Number of protein chains: 2
Amino acid sequence: MEEKIDKIKQQLQSHGYKLTPQREATVRVLLENEEDHLSAEDVFMLVKDKAPEIGLATVYRTLELLSELHVVEKINFGDGVARYDLRTDTTKHHHHHLICVQCGAMDEIREDWLGPLEERLEKEFNFTVLDHRLDFQGICYRCKDKNNDQNGNGGKKS
Amino acid sequence: MEEKIDKIKQQLQSHGYKLTPQREATVRVLLENEEDHLSAEDVFMLVKDKAPEIGLATVYRTLELLSELHVVEKINFGDGVARYDLRTDTTKHHHHHLICVQCGAMDEIREDWLGPLEERLEKEFNFTVLDHRLDFQGICYRCKDKNNDQNGNGGKKS
DNA sequence: TTCGATGCAAACAATTTGCACCGGC
DNA sequence: GCCGGTGCAAATTGTTTGCATCGAA
């Protein structure tokens, strides 16, 4: 935890920024919720617990700054809210999302399935991949069960 | 063109909606710009040429409706604007995006590289894929050239 | 005392909604 | 006359910005 904060502190300082108490509180919230995809508003409310005087604008500014430094990744699931994920070495951005169009659940695949494709991009398109994003929309196993219960075929094609 | 409109008309009618002049004008704009990723505002301005009295809200409502019927695909590149792509049989949603973080250019790969992955999802996760989205962020060949001109190594790793 | 960083409120941009109205069934 | 569909304006939501102020170097 503390080492991670130190590392981020150094990243900030190497670009001429400081790790202010507000920024630290924000980073801590992100660290404590590495698994989640928090929106700025989410972060704001969590940060308020430990630093009640902080303003929403500061949270936005901090997240934007961290995003520029590639400390966090700003992602967007199309629901109109930007979400921010820490980019630690351990929690690589190498995971994909399964979004259920029926119940809205979001599962994750914590593996990177795109290695071969990225190599192909480099070779065929001379495009150097820094990041990627892969989401699937569809019907999750839970809803398929539910559908089967109700109509006996669960929306299967034939 | 006209057949495509007819088809969409039927999709609307089968769900109890009608193809009003405004909706038709909107659909025509989408058909005429199948290759682009138009924002609602873009569509609005183009529709205004053929139906000046139309309101922005109607365009939004129409796009939302078409999106629900899966006639168009609502996508989001993270720039804060939703974009809408027609989903005809020919222009399948089977393409991916290469977004350059340096110059902002967006290239497309007009192939589907995910077939095998989707099969795996069905088998391993019991998840039925209806749609997917794959974007890569990185450095495009143009910027790599430019970078090479300037510093002689173009950001290559070693 | 300088300058980055902050909090607050106002400004903004994209999108949605309330409501009166219009036109076909 | 009912009701879906529309235009307009107002409301909402997520985010950014202007500005006076604060605090460490």
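In this text, all values refer to a predicted model and were calculated from it rather than measured experimentally. First the proteins, then the strands, lettered A, B, ... as listed; each starts at 1.
At whole-Å resolution of the value, CZ in Arg83(B) and P in dA13(C) are 16 Å apart. Rounded to whole Å, the distance from CG on Asp42(B) to P on dA13(C) is 16 Å. Following rounding to the nearest Å, Leu38(A) (CG) and dT15(D) (P) show an atom-to-atom distance of 13 Å. Protein atom CD of Glu53(B) is 18 Å distant from nucleotide atom C1' of dA9(D), rounded to whole Å. For the pair Ile54(B) CD1 and dG7(D) P, the interatomic distance rounds to 5 Å; values are reported in whole Å. Rounding to whole angstrom units, NZ of residue Lys74(A) and C1' of dT16(D) are separated by 10 Å.
Side chains of Leu134(A) and Leu117(B) form a contact here, defined as non-hydrogen atoms less than 4.5 Å apart. Side-chain atoms of Leu98(A) and Phe125(B), non-hydrogen and from C-beta on, do get closer than 4.5 Å to each other. The shortest side-chain heavy-atom distance between Lys4(B) and Leu31(B) falls under the 4.5 Å cut-off. Residues Trp113(B) and Leu121(A) meet the side-chain proximity criterion, which asks for heavy atoms closer than 4.5 Å.
Panel note: side chain Asp42(B), backbone Ser39(B); a donor-acceptor pair is recorded below 3.5 Å. A distance-only check finds a donor-acceptor pair linking the side chain of Glu3(B) to the backbone of Met1(B) [under 3.5 Å].
Against DNA chain D, the stretch residues 10-22 of chain B makes heavy-atom approaches under 4.0 Å through Tyr17(B), Lys18(B), Thr20(B), Gln22(B). Contacts with DNA chain C (heavy atom under 4.0 Å) in residues 55-66 of chain B: Leu56(B), Ala57(B), Tyr60(B), Arg61(B), listed by number.
Salt bridge annotation for Lys50(B)-Glu32(B): present, with a cationic side-chain nitrogen under 4.0 angstrom from a carboxylate oxygen. Salt bridge annotation for Glu53(A)-Lys48(A): absent, with no cationic side-chain nitrogen under 4.0 angstrom from a carboxylate oxygen. Salt-bridge annotation for Glu24(B) and Lys9(B): absent, with no side-chain N of the basic residue lying under 4.0 Å from a carboxylate O of the acidic one. Remark: Glu2(A) engages Arg28(A) in a salt bridge, criterion side-chain N to carboxylate O under 4.0 Å.
Between His96(A) and His132(A), the ring-plane angle classifies as tilted under the 30° and 60° cut-offs.
Comparing dT15(D), dT15(C), dG5(D) against the side chain of Arg23(B) picks out dG5(D) as the nearest.
Computed from C1' positions of five pairs at each end, the angle between the two local axes of the helix from dT1(C)-dA25(D) to dC25(C)-dG1(D) equals 0°, rounded to 10 degrees.
Nearest-nucleotide positions on DNA chain D place Ala51(B) closer to the 5' end than the other of Gly80(A) and Ala51(B).
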